Engineer: 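Let me begin by handing over the structure; questions about it come next.
Just so we're on the same page: letters track the sequence lines, and every chain starts at 1. Worth knowing before you read on, the calculation uses all heavy atoms, side chains too, and leaves out hydrogens, waters and symmetry mates. Bear in mind the structure is a predicted one, so any value in this text is a computation, not a measurement.
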Amino acid sequence: MSPPNDRSADAAPFDLKGSLFTLTVLHLRRTDPAAIERHLAEKVAQAPGFFVNVPVVVDCEGLADADAALDLAGLIACLRRHGLVPVGVRNGSEALVAAAQAAGIGVLPEGRGSGRRAEPERAAAAAESERGSGAPSSRGNRLSTHPVRSGQQLYAPDGDLVLLGTVSPGAEVLADGNIHIYGPLRGRALAGAKGNAEARIFCLSLEAELVSIAGRYRVLEQTSSEFWGKPVQIHLADDHLIIELLAR
Amino acid sequence: MAKIIVVTSGKGGVGKTTTSASFATGLALRGHKTVVIDFDVGLRNLDLIMGCERRVVYDFVNVINNEATINQALIKDKHCENLYVLPASQTRDKDALHKEGVARVLDELRQSFDFIVCDSPAGIERGAMMAMYFADEALVVTNPEVSSVRDSDRILGILASKSRRAEQAEEPVKEHLVLSRYAPERVERGDMLSVDDVMEILAIPLLGVIPESPSVLQSSNSGVPVILDEASDAGGAYGDLVARFLGEQRPHRFLSVEKKGFFKRLFGN
Ligand SMILES: Nc1ncnc2c1ncn2[C@@H]1O[C@H](COP(=O)(O)OP(=O)(O)OP(=O)(O)O)[C@@H](O)[C@H]1O
Ligand SMILES: [Mg+2]
């Protein structure tokens with residue numbers, strides 16, 4: 001007899017799929033076990049419950065190359081005592097990688113450099129602040145039909161940002177590619193946010209607080225720009241920001 | 001099904017409580033069973049404007065903490081049938097408002113009311129977030145000046161991303177603009193933004209324009225919502241606003257400077 005929901009007998013027993021997770025990362029700065037345990041106990045006491053069964057990755061970048069002094073097995077035991085579940089290490093020396101393997105936890109790809117480390121937070125913040133404003137399409141482009149209001153941030157990582165509403169003063173829109181705004185730009189727009197100098201900004205009415213392409217920025221004021229209130233495109237030429245009227 | 005309407009603004013002192021009191025009174029006058037809740041914990045003054053401050057025994061926080069039933073805390077309005085006030089606490093701190101408690105009280109009120117009007121405190125702290133979170137519709141009260149418009153824009157962003165409707169991916173909170181303390185002569189002089197300026201920036205439907213009027217202060221001093229002073233300009237504007245909210249078409253008044261007649265010029269108002 002087979003259970004009612006069993007499909008065919010030769011169907012694969014599981015599927016293997018990639019998935020992205022937000023993980024808690026413990027950035028070690030020192031290896032002193034007593035100090036670590038004390039600090040951990042304090043953190044857990046501040047938010048008991050928050051750390052129960054939370055998978056955690058140990059990042060050794062902050063130890064530079066002094067991680068030989070780290071007793072990984074001891075650290076793992078300490079984390080487990082406080083309810084956390086160590087799942088892997090990152091940015092460790094060869095010796096530490098061996099210790100991780102011996103302890104049966106994973107080794108995650110390197111994530112060196114503070115710039116790269118800040119990215120997921122930025123992206124998460126952007127995703128959080130624009131909830132419900134449209135989904136990214138296949139190439140990482142992002143379309144939003146809602147106005148972007150003061151205090152909101154909208155980011156299209158790896159693509160273009162297309163906005164059908166206004167960008168209010170105090171709002172910020174970013175894209176690694178181009179930014180197209182079919183309305184007035186009154187807040188801040190930063191295209192080529194990861195350094196793509198070919199990126200452009202287009203808007204139907206330039207009333208921006210700040211525009212930037214690949215890090216070259218300009219703050220704008222009504223009185224200082226002949227293009228104020230006009231439909232424009234903004235691009236870089238010889239490392240200079242060029243604003244020009246959109247041909248009509 | 002009861003509708004929950006938040007009266008909010010971001011910026012302080014723009015006329016939220018004045019609007020909450022008159023709006024709730026107007027709905028009740030038209031036969032809808034209405035309750036108005038003061039979310040401004042620590043600084044209650046909705047009860048003053050409604051003229052029921054001497055009858056506050058239990059408050060919203062007592063109900064949340066199960067120290068009183070809703071029926072014990074609700075104050076029946078003395079001016080009109082169908083209207084009840086749920087006052088704020090003057091003594092508690094803002095953390096007394098928590099999502100589960102507020103949800104429970106609103107759910108209970110939904111059983112017996114048509115409209116639940118939530119008078120939000122200024123800012124974007126706990127009390128304001130709680131007043132906004134459960135809203136089906138929002139009256140965004142704005143004064144015709146840049147800082148107030150900017151704060152309203154911010155509030156609209158929060159309604160669109162942090163409200164219960166946004167979190168559950170339901171139909172978004174319905175937004176209404178209430179432009180308050182409007183003084184046409186100051187607009188003409190260029191000291192204030194015009195209706196069109198504000199509409200252009202906020203881009204939401206205009207529910208009403210309430211003129212700057214001495215009758216507002218007179219009414220609140222006597223504990224009678226200004227909408228009941230039908231002869232006054234602000235009272236008339238709130239009357240129109242309620243009618244529009246309930247689906248009537250009414251032209252906007254008080255948008256331009258009134259040409260003073262000969263006698264008015266001679267004797268003042
Ligand atoms: N249309 C108006 N004309 C003249 N004065 C007004 C008008 N509307 C409100 N006011 C006055 O402005 C002051 C603030 O009004 P109110 O208390 O309604 O604002 P609020 O937004 O609730 O303030 P808070 O942010 O402190 O809760 C009061 O003194 C009130 O009398
Ligand atoms: Mg108030």
Engineer: More than 12 heavy atoms of other residues, nucleotides or ligands under 6.0 Å from CD of Gln168(B): is that the case?
Structural biologist: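 Yes.
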
Engineer: Determine whether more than 12 heavy atoms belonging to other residues, nucleotides or ligands lie under 6.0 Å from atom CZ of Arg29(A).
Structural biologist: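 Open: at most 12 neighbouring heavy atoms sit under 6.0 Å from CZ of Arg29(A).
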
Engineer: Only one of Ile155(B), Leu156(B), Ile158(B), Leu159(B) clears side-chain contact (heavy atoms from CB on, under 4.5 Å) with Arg149(A); which?
Structural biologist: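 Going through Ile155(B), Leu156(B), Ile158(B), Leu159(B) one by one, the side-chain contact (heavy atoms from CB on, under 4.5 Å) with Arg149(A) is satisfied by Leu156(B) alone.
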
Engineer: For the atom pair CZ (Arg154(B)) and OG (Ser168(A)), what is the distance rounded to the nearest 0.5 Å?
Structural biologist: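 OG of Ser168(A) is found 11.5 Å from CZ of Arg154(B).
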
Engineer: Please round to the nearest 0.5 Å and tell me the distance separating atom CG of Leu202(B) and atom OG1 of Thr166(A).
Structural biologist: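 Rounded to the nearest 0.5 Å, the CG-OG1 separation comes to 9.0 Å.
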
Engineer: Taking CD in Glu221(A) as the centre, count heavy atoms belonging to other residues, nucleotides or ligands within less than 6.0 Å. Is the count above 12?
Structural biologist: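 No, not enclosed.
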
Engineer: Considering residues, nucleotides and ligands other than His39(A), do more than 12 of their heavy atoms fall under 6.0 Å from its NE2?
Structural biologist: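 Counting other residues, nucleotides and ligands, NE2 of His39(A) stays at 12 neighbours or fewer.
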
Engineer: Please name the pair of heavy atoms, one in Gln152(A) and one in Gly157(B), separated by the smallest distance, quoted to 0.1 Å.
Structural biologist: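 Closest approach of Gln152(A) to Gly157(B), heavy atoms only: NE2-O, 3.4 Å.
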
